[in-house]
**Q** 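Take this structure, written in structure tokens, and hold onto it; I'll ask about it next.
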Amino acid sequence: MDMEEIAVPTHFRCPISLDLMKDPVTLSTGMTYDRSSIEKWIETGNRTCPATNQELKSFDQIPNHVLRRMIQDWCVENRSYGIERIPTPRIPVTKYEVSRICERIAAAARRGDDRKCGELVGKIKAWGKESERNKKCMVENGIGCCLSAVFESFASISLEEHGEILSEILSVLPWMFPVSEEGQSKLGSAGSLRGFVSFLEGKDLSARKNAVLVLGKLLSLDQKHVDDFVESEGAIEALVRIIREPICPAATKAALTSVFFMISSPSAAASDEIRSRFVELGLVSLLLEIIVDAERGLCERALAVLEGLCDCKQGKDKALENALTMPLLVKKILRISELGTEFSIAIIWKLCRIETEESILIEALQVGAFQKLLVLLQVGCGDGIKEKVTDLLKLFNLHTSKVDCVDSSMDFKYLKRPFLG
């Protein structure tokens with residue numbers, strides 16, 4: 001027998017969800033609801049009590065300990081029916097508590113008190129582990145900006161002397177986003193960026209992972225942070241190392257995101273120089289290794305970066321040197337996602353379109369590019385990519401007679417429109 005077959009006392013059910021309450025709280029109207037249900041009700045803009053329709057004079061939610069204990073006792077009495085006792089909920093962190101701990105951390109940082117700062121950051125970590133609700137409360141009340149300022153303060157003084165507290169702060173910063181512009185400014189300062197590079201270069205895997213996760217979020221917010229990070233000594237090498245020596249998929253994704261923004265700088269001259277540096281460090285072959293069998297999100301990012309590197313001659317040359325490049329790109333068409341297909345087509349177009357040697361076109365034909373592009377046109381694709389597909393088909397058509405690349409048993413008569421016009 002399960003809960004659906006047991007008569008749950010009406011006053012144990014939340015008036016909103018009608019489910020057994022796990023964390024009953026009482027509003028100013030005297031009505032009790034499950035905390036998660038009433039929070040969703042208020043978050044969607046409602047300002048009245050759902051049951052009475054009275055306007056709420058305050059949004060305070062007072063834990064109803066008596067009712068919660070009654071529900072727990074009822075669960076125990078009915079455990080023979082498979083009903084588990086609901087755990088005693090932890091009281092969620094409040095806006096006041098977040099404000100207070102920010103003040104205490106800032107004061108400890110001004111005194112240069114690593115030990116006290118570490119203790120307070122530990123408390124923040126504990127709050128975050130308790131619930132997503134606590135994390136949301138802390139993010140909404142500026143704790144990310146506070147920790148960003150403390151990180152900058154200690155990083156600017158001495159990375160060696162304050163390495164432990166900086167690492168502790170890094171361990172919570174990844175889930176503190178979005179941070180305010182002030183917080184971004186602190187994390188994007190010269191001192192903070194040096195700190196990120198230092199951790200990326202270090203031996204502590206956890207610190208390396210947290211540093212790249214924060215960096216990926218930061219660089220996606222403002223081009224100025226990208227430009228400043230590019231100028232940080234060792235930045236490019238540190239990111240390539242994260243990709244070469246993977247820690248986890250999330251860290252690799254963050255590293256690829258950072259590289260993408262770095263090679264997409266509006267300054268063409270600077271971008272070419274940066275792209276060339278990444279190519280020299282062997283990034284092209286690393287990207288191809290990722291593309292072979294990575295999951296969708298990682299593969300998309302690797303393709304996006306590879307497309308960016310193919311905007312410079314060194315990138316195109318290195319891609320064409322690798323025997324994996326063309327077979328992989330053709331294979332990934334229609335295999336990953338719409339975005340993955342677009343990136344694959346764009347790279348093939350860049351490799352085949354400009355100053356192309358006949359051997360490159362023949363290689364593409366030999367690995368089935370002609371057939372894949374025909375199918376892509378048939379199933380449909382966006383206008384931007386359709387131009388490149390049609391362009392490539394016209395180019396390939398000039399060379400089909402030189403290679404036995406098209407399986408004569410395949411019937412393309414189902415195609416609804418011409419592709420060689």
Side-chain angles (χ1 to χ4, degrees), residues 91-131 133-202 204 206-219 221-222 224-229 231-235 238:
I91 299 174
V93 68
T94 64
K95 180 178 179 180
Y96 170 78
E97 288 174 305
V98 173
S99 175
R100 179 68 182 132
I101 205 167
C102 283
E103 292 172 1
R104 295 175 67 193
I105 290 176
R110 285 193 295 271
R111 298 193 304 270
D113 189 343
D114 287 36
R115 186 194 62 77
K116 190 61 180 178
C117 279
E119 178 187 312
L120 295 170
V121 172
K123 189 168 186 177
I124 290 170
K125 289 172 73 172
W127 281 345
K129 287 178 181 178
E130 285 177 10
S131 69
R133 181 193 298 123
N134 282 356
K135 285 184 178 180
K136 184 178 179 182
C137 179
M138 287 188 278
V139 170
E140 290 179 346
N141 290 288
I143 210 161
C145 182
C146 170
L147 290 177
S148 298
V150 174
F151 185 88
E152 181 202 30
S153 175
F154 282 123
S156 299
I157 297 170
S158 171
L159 295 174
E160 292 183 3
E161 183 181 344
H162 300 295
E164 190 172 337
I165 183 59
L166 289 171
S167 180
E168 274 293 287
I169 295 172
L170 269 183
S171 69
V172 296
L173 276 177
W175 52 266
M176 290 294 174
F177 282 76
V179 296
S180 65
E181 287 189 13
E182 181 184 352
Q184 291 176 42
S185 175
K186 299 295 184 183
L187 290 177
S189 70
S192 292
L193 293 178
R194 280 196 303 273
F196 289 130
V197 174
S198 177
F199 281 112
L200 291 177
E201 294 174 332
D204 186 327
S206 179
R208 288 175 62 202
K209 180 188 76 170
N210 291 326
V212 78
L213 290 177
V214 174
L215 188 64
K217 295 175 184 292
L218 180 67
L219 299 191
L221 295 172
D222 193 322
K224 181 183 184 303
H225 303 320
V226 177
D227 295 338
D228 290 343
F229 184 67
E231 295 176 5
S232 301
E233 185 178 351

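What you are looking at is a predicted structure, and each value in this text was computed from that prediction instead of being measured.
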**Q** Work out which heavy atom in Cys102 is nearest to a heavy atom in Gly142; give both atom names and the distance.
**A** SG-O, 4.3 Å

**Q** Using the rule given for side-chain contact (heavy atoms from CB on, under 4.5 Å), can you reason through Cys137 versus Trp127, listing the C-alpha separation, both sets of side-chain angles and the distance that settles it, and then say yes or no?
**A** CA-CA 10 Å; Cys137 179; Trp127 281 345; over 6 Å; no

**Q** Would you check if Met176 and Ile124 make a side-chain contact, meaning some heavy-atom pair closer than 4.5 Å?
**A** yes

**Q** Okay, side chain of Ser148, backbone of Gly144: is any donor-acceptor separation there less than 3.5 Å?
**A** yes

**Q** Looking at Asp204 and Arg208, is there a salt bridge between them, counting it only when a charged N and a carboxylate O are closer than 4.0 Å?
**A** no

**Q** Are Val197 and Phe229 packed together at the side-chain level, in the sense that at least one heavy-atom pair is separated by less than 4.5 angstrom?
**A** yes

**Q** Please report the shortest heavy-atom distance between Gly195 and Leu159, naming the atom on each side.
**A** CA-CD2, 3.6 Å

**Q** Can you find a pair of side-chain heavy atoms, one from Leu173 and one from Asn210, that are under 4.5 Å apart?
**A** no

**Q** Check Ala238 against Glu201 and note the closest heavy-atom contact, atom names and distance.
**A** CB-CG, 4.1 Å

**Q** State plainly whether the residues Glu119 and Arg115 are in salt-bridge range, i.e. N to O under 4.0 Å.
**A** yes

**Q** Hey, does the side chain of Ser171 reach the backbone of Glu168 with a donor-acceptor pair shorter than 3.5 angstrom?
**A** yes

**Q** Check step by step if side-chain contact (heavy atoms from CB on, under 4.5 Å) holds for Val93 and Ile101.
**A** CA-CA 11 Å; Val93 68; Ile101 205 167; over 6 Å; no

**Q** Less than 4.5 Å apart, any side-chain heavy atom of Leu215 and any of Phe199?
**A** no

**Q** One pair to check against side-chain contact (heavy atoms from CB on, under 4.5 Å): Val172 and Ile143. What are the steps and the verdict?
**A** CA-CA 10 Å; Val172 296; Ile143 210 161; over 6 Å; no

**Q** Side chains of Asn134 and Pro92: does their closest heavy-atom pair fall under 4.5 Å?
**A** yes

**Q** Keeping Ser189 on the side-chain end and Ser185 on the backbone end, is there a donor-acceptor pair under 3.5 Å?
**A** no

**Q** Over 60° means perpendicular and under 30° means parallel, so tell me whether Phe196 and Phe151 are parallel, tilted or perpendicular.
**A** parallel

**Q** Between Ser167 (side chain only) and Gly163 (backbone N and O only), is there a donor and an acceptor less than 3.5 Å apart?
**A** no

**Q** Calculate, to the nearest 0.5 Å, the distance between atoms CD and NZ belonging to Gln184 and Lys217 respectively.
**A** 12.5 Å

**Q** Ignoring hydrogens, what is the shortest heavy-atom contact between Val139 and Pro178? Give both atom names and the distance.
**A** CG1-O, 4.1 Å

**Q** Do other residues, nucleotides or ligands put more than 12 heavy atoms under 6.0 Å from Glu103 CD?
**A** yes

**Q** How long is the gap from SG on Cys117 to CZ on Arg104, to the nearest 0.5 Å?
**A** 10.5 Å

**Q** Determine, stepwise, if the pair Lys95 / Val98 fulfils side-chain contact (heavy atoms from CB on, under 4.5 Å).
**A** CA-CA 5 Å; Lys95 180 178 179 180; Val98 173; 5.8 Å; no

**Q** With rounding to the nearest 0.5 Å, note down the distance linking CZ in Arg100 to OG1 in Thr94.
**A** 12.0 Å

**Q** Supply the atom-to-atom distance Leu147 CG to Ser153 OG, rounded to the nearest 0.5 angstrom.
**A** 12.0 Å

**Q** Between CD of Glu160 and CG of Leu166, what distance do you get to the nearest 0.5 Å?
**A** 12.0 Å

**Q** Quick one: does Asp114's side chain have a donor or acceptor within less than 3.5 Å of a partner on Ile165's backbone?
**A** no

**Q** Working to the nearest 0.5 angstrom, can you tell me the gap between Glu130 CD and Ile91 CD1?
**A** 10.0 Å

